Each structure stands twice: as structure tokens, then as C-alpha cells.
Engineer: 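Could you have a look at this structure, given as C-alpha cells, before my questions?
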Amino acid sequence: RRPGGARRWLDDDRDIDADGDADPFFGGGAAAAAQGKAHGTAAYPAPNAHTFNAVLRDLARRVAHPDEAENVVTAMMNDGVAPDADTVDAVVLLHGLRGDPGAALTAMQDLFNQHGVRPDPQTFIHFLAHLLHAGNHHEARRATYILDQLWPHDPHTRRRDATMLTNAELRSLFDHYDAELY
């Protein structure tokens with residue numbers, strides 16, 4: 001077993017696959033499930049988004065290094081599992097707990113650009129409010145540009161999705177913290 005990185009939560013050598021690589025999801029994920037079917041032996045079920053998101057939330061709680069989360073997201077995509085809103089929320093939480101809101105915003109944007117997923121609206125609103133409360137007005141303004149990308153205005157109604165802040169609510173939030181919106 002190789003030490004460090006995303007492999008440290010492994011507890012025994014059964015989690016090492018035939019190539020000598022560690023697999024954090026019960027020894028092989030989708031490949032192990034397929035191999036088990038082919039040989040008629042029982043195998044653990046292939047991991048799904050819920051499984052990967054649980055690992056990401058655990059990494060966030062342990063304030064792990066962001067590379068570990070990136071490894072989990074990569075493993076997720078390699079196993080053919082699409083990231084979802086919970087994936088984005090967990091990655092944002094990890095970066096937020098590490099005190100790196102810029103990385104959280106970048107990860108949020110990357111996951112949206114590559115996979116079309118965005119965080120839960122409440123997660124985004126709380127993240128934005130936290131930035132303003134902490135006095136990080138520059139990143140809060142950056143977050144509003146990302147908000148416009150993730151929840152664009154409908155050209156016909158000139159409004160966003162009902163789950164996101166309106167422009168008036170956004171301005172009010174910034175005013176509450178004596179911050180300039182633009």
C-alpha cells in the first residue's frame with residue numbers, strides 16, 4: 001500500500017486492485033462489480049454519486065487537502081458517475097473550511113463548465129453571505145458574476161430561477177454588509 005493522499009482511508013490490502021493501485025471504494029468500484037459478475041462471485045456494488053459524495057463530505061469534515069477531493073471527483077468520473085449538486089456542495093465546503101473561498105468559486109465554476117452542475121441555491125447563498133460577513137468583498141463580487149453564469153436571467157421575464165436571489169435581494173444583501181455590489 002502506498003502512503004498518503006486519497007489512499008489514507010484504506011484499512012487493509014484488499015483495497016489494492018490487480019494493478020497495485022488503491023481503490024477507495026471497496027476494491028475496484030465498477031470494474032470489481034463487472035469482474036464479480038463475470039466470475040460469478042459476489043462483489044461490492046459499484047459506487048454511485050451518493051457514495052462518492054459521502055467520501056467528499058468526509059474529506060471536508062477532516063479539512064483534507066484539496067488534491068484528495070480532486071482525486072475523488074476524478075475517480076467518480078472514471079467510474080462513469082456524473083457529479084451532482086451534492087458533489088459541488090461538498091467541494092465548496094472543503095475549500096471553505098480550508099479558508100480558500102477563491103478555490104471554492106473556481107471549483108464551482110469548473111464543475112458547472114465541465115458537467116453542467118451547480119451547487120444547491122441555499123449553499124450558494126450561505127457561501128455568499130459568509131464571504132460578505134467575513135469582509136471578503138472582492139470574492140463576494142466575483143461570486144455574483146458566477147451567480148449570473150450559474151443562474152442566468154430569463155431573457156423574456158428578466159428574472160432568474162425562482163430558487164435564486166433576485167437582483168433586488170442581492171443588492172439588499174450587499175447593502176446589509178456595507179459592500180459595493182459592482
Side-chain angles (χ1 to χ4, degrees), residues 5-6 8-9 24-25 47-77 79 81-182:
R8 75 174 180 218
W9 65 79
F25 302 105
N48 58 23
H50 180 74
T51 310
F52 284 103
N53 292 336
V55 172
L56 286 169
R57 283 189 304 277
D58 180 60
L59 290 173
R61 283 187 197 99
R62 291 187 288 135
V63 193
H65 193 275
D67 287 347
E68 291 185 57
E70 190 175 313
N71 290 342
V72 172
V73 172
T74 300
M76 182 179 201
M77 292 181 288
D79 267 6
V81 178
D84 60 14
D86 291 336
T87 308
V88 181
D89 291 353
V91 171
V92 167
L93 176 64
L94 183 134
H95 288 294
L97 290 174
R98 289 186 57 81
D100 193 354
L105 289 169
T106 299
M108 199 182 303
Q109 218 170 7
D110 288 347
L111 286 167
F112 179 76
N113 290 337
Q114 294 173 17
H115 305 286
V117 295
R118 57 188 182 190
D120 178 76
Q122 291 302 310
T123 300
F124 188 89
I125 293 166
H126 288 291
F127 181 72
L128 178 60
H130 174 75
L131 290 173
L132 289 165
H133 179 73
N136 196 340
H137 298 171
H138 172 72
E139 291 293 356
R141 280 189 295 276
R142 182 175 166 221
T144 62
Y145 291 113
I146 293 171
L147 181 147
D148 286 336
Q149 178 187 9
L150 302 180
W151 289 276
H153 283 93
D154 182 326
H156 302 291
T157 63
R158 305 277 303 144
R159 303 199 69 175
R160 281 190 191 91
D161 182 338
T163 60
M164 186 41 71
L165 297 171
T166 65
N167 281 347
E169 292 168 331
L170 190 59
R171 186 169 310 285
S172 175
L173 181 63
F174 271 75
D175 288 345
H176 176 77
Y177 289 101
D178 294 324
E180 298 216 8
L181 182 54
Y182 295 106

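Since the model is a prediction, treat every value here as computed from it, not as a measurement.
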Engineer: Applying side-chain contact (heavy atoms from CB on, under 4.5 Å) to V88 and V91, what does each step give before you reach the verdict?
Structural biologist: CA-CA 5 Å; V88 181; V91 171; 5.9 Å; no

Engineer: Distance check, rounded to the nearest 0.5 Å: R171 atom CZ versus T144 atom OG1?
Structural biologist: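 These two atoms lie 10.0 Å from each other.
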
Engineer: Please tell me if the side chains of P66 and R98 come closer than 4.5 Å, counting only heavy atoms from C-beta onward.
Structural biologist: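 Answer yes - side chains close enough.
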
Engineer: One pair to check against side-chain contact (heavy atoms from CB on, under 4.5 Å): F174 and L132. What are the steps and the verdict?
Structural biologist: CA-CA 7 Å; F174 271 75; L132 289 165; 3.7 Å; yes

Engineer: Can you tell me how far the CG atom of N167 sits from the CG atom of L147, to the nearest 0.5 Å?
Structural biologist: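 These two atoms lie 8.5 Å from each other.
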
Engineer: Can a donor-acceptor pair be found, under 3.5 Å and without considering hydrogens, that links the side chain of R142 to the backbone of L105?
Structural biologist: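 No; judged by distance alone, with no hydrogens or angles, the pair does not exist.
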
Engineer: For the residue pair L150 and P119, establish whether any side-chain heavy-atom pair is separated by less than 4.5 Å.
Structural biologist: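 A side-chain contact under 4.5 Å exists here.
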
Engineer: Kindly compute the distance separating CG (L128) from NE2 (H126), expressed to the nearest 0.5 Å.
Structural biologist: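 Here the interatomic distance stands at 11.0 Å.
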
Engineer: Starting at NE2 of H65, measure out to CG of L94 and round the result to the nearest 0.5 Å.
Structural biologist: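 If I round to the nearest 0.5 Å, the distance is 9.5 Å.
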
Engineer: I'd like to check L56 versus T87 (side-chain heavy atoms, cut-off strictly below 4.5 Å). Are they in contact?
Structural biologist: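 A side-chain contact under 4.5 Å exists here.
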
Engineer: Using side-chain heavy atoms (C-beta onward) and a distance below 4.5 Å, is N113 in contact with Q149?
Structural biologist: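 In short, these two side chains touch, coming nearer than 4.5 Å.
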
Engineer: Got N136 and H130 here, is their nearest side-chain heavy-atom distance under 4.5 Å?
Structural biologist: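 They are not in contact (no side-chain heavy atoms under 4.5 Å apart), so the answer is no.
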
Engineer: Check step by step if side-chain contact (heavy atoms from CB on, under 4.5 Å) holds for M108 and F124.
Structural biologist: CA-CA 10 Å; M108 199 182 303; F124 188 89; 3.4 Å; yes

Engineer: Taking atom types as modelled and ignoring hydrogens, do the side chains of T74 and N71 form a donor-acceptor contact shorter than 3.5 angstrom?
Structural biologist: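 Absent: no donor and acceptor within the cut-off.
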
Engineer: Can you name the nearest heavy-atom pair linking A82 to A49, along with the distance?
Structural biologist: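 Closest heavy-atom pair between A82 and A49: O-CB, 4.2 Å.
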
Engineer: Please report the shortest heavy-atom distance between P101 and L131, naming the atom on each side.
Structural biologist: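 In terms of heavy atoms, the two residues are closest at CB-CD2, 3.4 Å.
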
Engineer: Can a donor-acceptor pair be found, under 3.5 Å and without considering hydrogens, that links the side chain of E169 to the backbone of T166?
Structural biologist: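 Answer holds: yes.
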
Engineer: State whether the side chain of N48 and the backbone N or O of H50 hold a donor-acceptor pair below 3.5 Å, judged by distance alone.
Structural biologist: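 Indeed, once roles are kept as given, a pair shorter than 3.5 Å links the two residues.
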
Engineer: Have T123 and R118 got a donor and an acceptor in their side chains that come within less than 3.5 Å?
Structural biologist: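 No, because no side-chain N or O of T123 sits under 3.5 Å from a partner of the opposite role on R118.
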
Engineer: When rounded to the nearest 0.5 angstrom, what distance separates CZ in F127 from CG in D89?
Structural biologist: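 F127 atom CZ to D89 atom CG measures 11.5 Å (nearest 0.5 Å).
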
Engineer: Dump the intermediate steps for side-chain contact (heavy atoms from CB on, under 4.5 Å) on L173 and L181, then the final yes or no.
Structural biologist: CA-CA 9 Å; L173 181 63; L181 182 54; over 6 Å; no

Engineer: Would you indicate whether the side-chain heavy atoms of F52 and P83 approach each other to under 4.5 Å?
Structural biologist: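 P83 vs F52: side chains apart.
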
Engineer: Is D58 salt-bridged to R62, cutoff N-O under 4.0 Å?
Structural biologist: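 The answer is yes: the pair qualifies as a salt bridge.
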
Engineer: So V81 and P47, do their side chains get closer than 4.5 Å, heavy atoms only?
Structural biologist: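 No, their side chains stay 4.5 Å or more apart.
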
Engineer: Would you confirm whether H115, through its side chain, and V117, through its main-chain N or O, come within 3.5 Å as a donor-acceptor pair?
Structural biologist: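 Not confirmed, H115 side chain does not pair with V117 backbone.
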
